[in-house]
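Take a look at the structure below.
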Protein chains: 2
Amino acid sequence: MKRINIADVAQKAGVSPTAVSFAFNKPEQLSRETVSRIRMIAVEMGYMPNPMARALIAQRSGIIGVLLPQPLSTVLANPYFHTFLQGISSMCDEQALSLMTLSPMNGSLDQAIARSPVDGYIIVGYNEAHHEVSLLRKRGIQYVLVDGDATRAPSVNIDDESGAYEAAKYLIQKGHRDILILMLDTAFGHADEQVHGVAMRRMHGYRRAYDEAGVAWRHEWVRPSVSSMLGGEQNFDAAYEQGLRPTALLGAADAIAIGAIQAAIRRGLRVPQDLEVIGYDDSLLANLIQPRLSTVHQPIFEKGRVALELLIGEWEAAAERITDVRAKQVRLPTHLVLRGTTT
Amino acid sequence: MKRINIADVAQKAGVSPTAVSFAFNKPEQLSRETVSRIRMIAVEMGYMPNPMARALIAQRSGIIGVLLPQPLSTVLANPYFHTFLQGISSMCDEQALSLMTLSPMNGSLDQAIARSPVDGYIIVGYNEAHHEVSLLRKRGIQYVLVDGDATRAPSVNIDDESGAYEAAKYLIQKGHRDILILMLDTAFGHADEQVHGVAMRRMHGYRRAYDEAGVAWRHEWVRPSVSSMLGGEQNFDAAYEQGLRPTALLGAADAIAIGAIQAAIRRGLRVPQDLEVIGYDDSLLANLIQPRLSTVHQPIFEKGRVALELLIGEWEAAAERITDVRAKQVRLPTHLVLRGTTT
DNA sequence: TGCCTTTAGTAAACCAATTTAGTAAATCGG
DNA sequence: CCGATTTACTAAATTGGTTTACTAAAGGCA
């Protein structure tokens, strides 16, 4: 079963392939009857122009790629990304763009990038200095960084530091001194990974509140956790078994905080009476659990929209050959939202 | 800033474009030094073969398209799809495939299909008879239907009917007679849409339990709801204001059931003491709310995996020109899971 | 030295469209 | 009635690669 092409239609209609192309793209170049005859035959034969050939010649596919730091199956387990992707896709719908998610293929982004027919990238969680990112720059492909450090490339970030600062300050002001901090593990950079700006900034925010209040920063009360409910559970348990007895908890992501709460409840603690908890992100999950999670709100949905807006701006700048414009660095605000896990 | 192509690299290396292609794809055709020289220059220039050209000639892009019934931003609000997409993407990761989501573009799937360079489709929530689906068949593009009725095309469904039957039977056996049923609105087919098989089968399952127990089926106790928490809330409220006082509730989707529970709690009802609730799907949400939702479990993750497996099977069959093999119709089992919203 | 094989590379065809330049035939004005 | 323009259509170039068929030079062997 061979897929029919423009030549097949042309032959059946007794015209040249050019005429078939015109019938769809420039009907005014042909007589009215010829156009309708060609279209009739095309529909009848089930013809549709080959998207690859079309994208090749048009030098654009109408697809944007979202470069993710983890396999898609992992990302989809994270409510933060649900909202973020919703933001991007709401903009996609408006702009008639398609969305393609790209994850590292057996560890490397290179392969994923190499075979993706996309017009530009939204890159999540990588810094400008990252190898694959600089390759894209070299190749002249437009991209926008999200949650990654950049100076030359356009980027969207949030005010991680001040959100964290507010959260820690709130707990300290309420008199808590034994605060367990479950930090993103990316703040502690493994050998092969770059230290991640987001995690660092959140840590600095917590730290600043401690310093300003004159509270000692104790390293054994700060634990790295993977950003998932399971990570939060395991780290709370581990801290408890080390003999720590926190009266409050700062989770650098909602999922971590929620996991920790479940571990705490399992140990008979009452939230918030025995343990006050503040998460980070204000993902949808925060509002679904009981008691509802106090957390640092960030505009996740808007972040996705803004990222795509910037990317579209890059295309326009490239089309008009504006290269000296300073890349836009957007920083969205954060704020503390107090709900049921604080008193 | 022009994107460099194979000819640029060839020129700089003083060889033909063919040699550059060989350096990457068939290095044994060239001398060792030439290969390494070309590769050096390619890296230096930041060259990477154009994915569209590559896909055009290879007649495959390594991308699979997931055709969704709603805009992506709507789909991502639904926990059912999170798990489903996770299932597909776990398989994608293994097979080194990329995943692209496709939603109707201003109402029409046609456009979305026309510009998508994909090797095959997983089509969610459409029947075989649907116009766009039959177009794909005509064009010889492989696809698999999920949650849609099919006889000729391969499909993945679940045992909607018996899951619903079990749920309704359980509540009836416990003595409930005033059961509010919040049905999927797709069971009541609008003018421009086809009646949706999933919704119909679930309704028939509920109905069969009523009939077998000799309980009267009262239409005013069955309400169509959109598949979201908001839909569940609004419909519970509406039913209550009509004077209905249910002692139990069947939600044809978890989101509906959860929304209804929140509306019920707001009215001072205790769940499960005053209102027993059984949802449908067993999405992750069901385990996160308090009390944990009793529901009909379906293997959502596996459904995604199986769908992609079938699609890969289609490719293989097409490659071997096997056309007379009967298309595989997979039906996965469902079962009732009792948690905290039933006594 | 002559013939055959291997090696290393290139020219040209091809994938499936779009677009530019060009060509007949028909129409029009003077 | 003749040159100019319009109409309706086509041939050929282009997009950026891959692949097949071919060629020239080098090496092997009698």
Side-chain angles (χ1 to χ4, degrees), chain A residues 1-39 41-42 45-63 113-119 139-141, chain B residues 1-39 41-42 45-63 113-119 139-141:
Chain A
M1 183 148 183
K2 190 206 147 208
R3 223 146 119 180
I4 59 146
N5 60 23
I6 199 170
D8 299 328
V9 179
Q11 194 178 11
K12 191 147 192 175
V15 294
S16 70
T18 310
V20 178
S21 178
F22 281 158
F24 289 100
N25 304 313
K26 288 184 182 161
E28 68 276 10
Q29 297 270 325
L30 300 175
S31 70
R32 230 174 302 279
E33 310 104 65
T34 311
V35 169
S36 61
R37 184 164 49 89
I38 292 174
R39 284 196 181 157
I41 290 171
M45 297 178 80
Y47 168 71
M48 187 163 272
N50 182 315
M52 289 124 176
R54 206 183 241 264
L56 175 60
I57 195 158
Q59 300 287 60
R60 55 173 261 118
S61 60
I63 305 172
I113 293 174
R115 19 184 284 186
S116 305
V118 304
D119 295 341
R139 290 185 186 125
I141 302 171
Chain B
M1 181 151 183
K2 189 207 150 208
R3 223 146 120 178
I4 58 148
N5 59 23
I6 200 170
D8 300 327
V9 178
Q11 194 179 11
K12 191 149 191 172
V15 294
S16 69
T18 309
V20 178
S21 177
F22 281 159
F24 289 98
N25 304 315
K26 287 187 182 161
E28 69 276 8
Q29 297 271 326
L30 301 176
S31 70
R32 231 174 303 278
E33 310 105 64
T34 311
V35 168
S36 61
R37 185 165 49 89
I38 291 174
R39 283 195 183 161
I41 290 172
M45 296 178 81
Y47 169 71
M48 186 163 270
N50 183 315
M52 289 125 175
R54 209 181 237 265
L56 174 60
I57 196 157
Q59 299 286 61
R60 56 174 257 119
S61 60
I63 305 171
I113 292 173
R115 20 184 282 187
S116 304
V118 304
D119 295 342
R139 290 187 186 122
I141 302 171

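Each chain gets a letter, A, B and so on, in the order its sequence line appears, and its residues count up from 1. Remember, predicted model here, so these are calculated numbers, not experimental data.
Following rounding to the nearest Å, B:L30 (CG) and C:dA8 (P) show an atom-to-atom distance of 8 Å. The distance between atom CD of B:Q29 and atom P of C:dG9, rounded to the nearest whole Å, is 11 Å. Atom CG of B:N25 and atom C1' of D:dT20 are 15 Å apart (whole Å). Between the P atom of C:dA16 and the CG atom of A:D8 lies a distance of 9 Å, rounded to the nearest Å. In this structure, NZ of A:K26 is placed 8 Å from C1' of C:dT18, rounded to the nearest angstrom. D:dT19 atom P lies 11 Å from atom CD of B:E28, rounded to whole Å. With rounding to whole Å, A:F22 atom CZ is found 11 Å from D:dC9 atom P. Rounded to whole Å, the distance from CG on B:L56 to C1' on C:dA13 is 14 Å.
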Handout entry: Summary of protein contacts for nucleotides 23-28 of chain D, nucleotide by nucleotide, where a base hit scores B, a sugar-phosphate-only hit scores S (4.0 Å, heavy atoms)
Key = ------
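Annotation for A:A114 and B:P51: closest pair O-CG, 3.4 Å, computed over non-hydrogen atoms. Closest non-hydrogen pair, B:R54 versus B:N25, comes out as NH2-OD1, 3.9 Å. The minimum heavy-atom distance linking B:R139 with A:G46 is given by the pair NE-O, 2.8 Å. Nearest heavy-atom pair across B:A23 and B:I38 is CB-CG2, 3.7 Å.
Residue contacts shown for A:S31 are limited to sugar-phosphate atoms, with no base heavy atom under 4.0 Å away. B:V20 comes within 4.0 angstrom of nothing in the nucleic acid, heavy atoms only. Using a 4.0 Å heavy-atom cutoff across all strands shown, B:Y47 reaches sugar-phosphate atoms only and no base atom.
For D:dG16, neither phosphate oxygen OP1 nor OP2 lies less than 4.0 angstrom from any side-chain nitrogen or oxygen of B:R54. At D:dG17, none of the side-chain N or O atoms of B:S21 fall inside 4.0 Å of OP1 or OP2 (strictly under the cut-off). When the side-chain nitrogen and oxygen atoms of B:Q59 are compared with OP1 and OP2 of C:dA16, one or more of them lie within a distance under 4.0 Å. The phosphate of C:dG9 (OP1 or OP2) has a side-chain N or O of B:T34 nearer than 4.0 angstrom.
Taking only distance into account, the side chain of B:T18 meets the base of C:dA11 through a donor-acceptor pair shorter than 3.5 Å.
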Practice task
Test side-chain contact (heavy atoms from CB on, under 4.5 Å) on A:N5 and A:N50 and set out the steps.
Solution key: CA-CA 8 Å; A:N5 60 23; A:N50 182 315; over 6 Å; no
Handout entry: Stepwise side-chain contact (heavy atoms from CB on, under 4.5 Å) check, B:I113 with B:I141
Key = CA-CA 11 Å; B:I113 292 173; B:I141 302 171; 5.6 Å; no
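In this structure, A:S116 contributes its side chain and A:V118 its backbone to no donor-acceptor pair below 3.5 Å.
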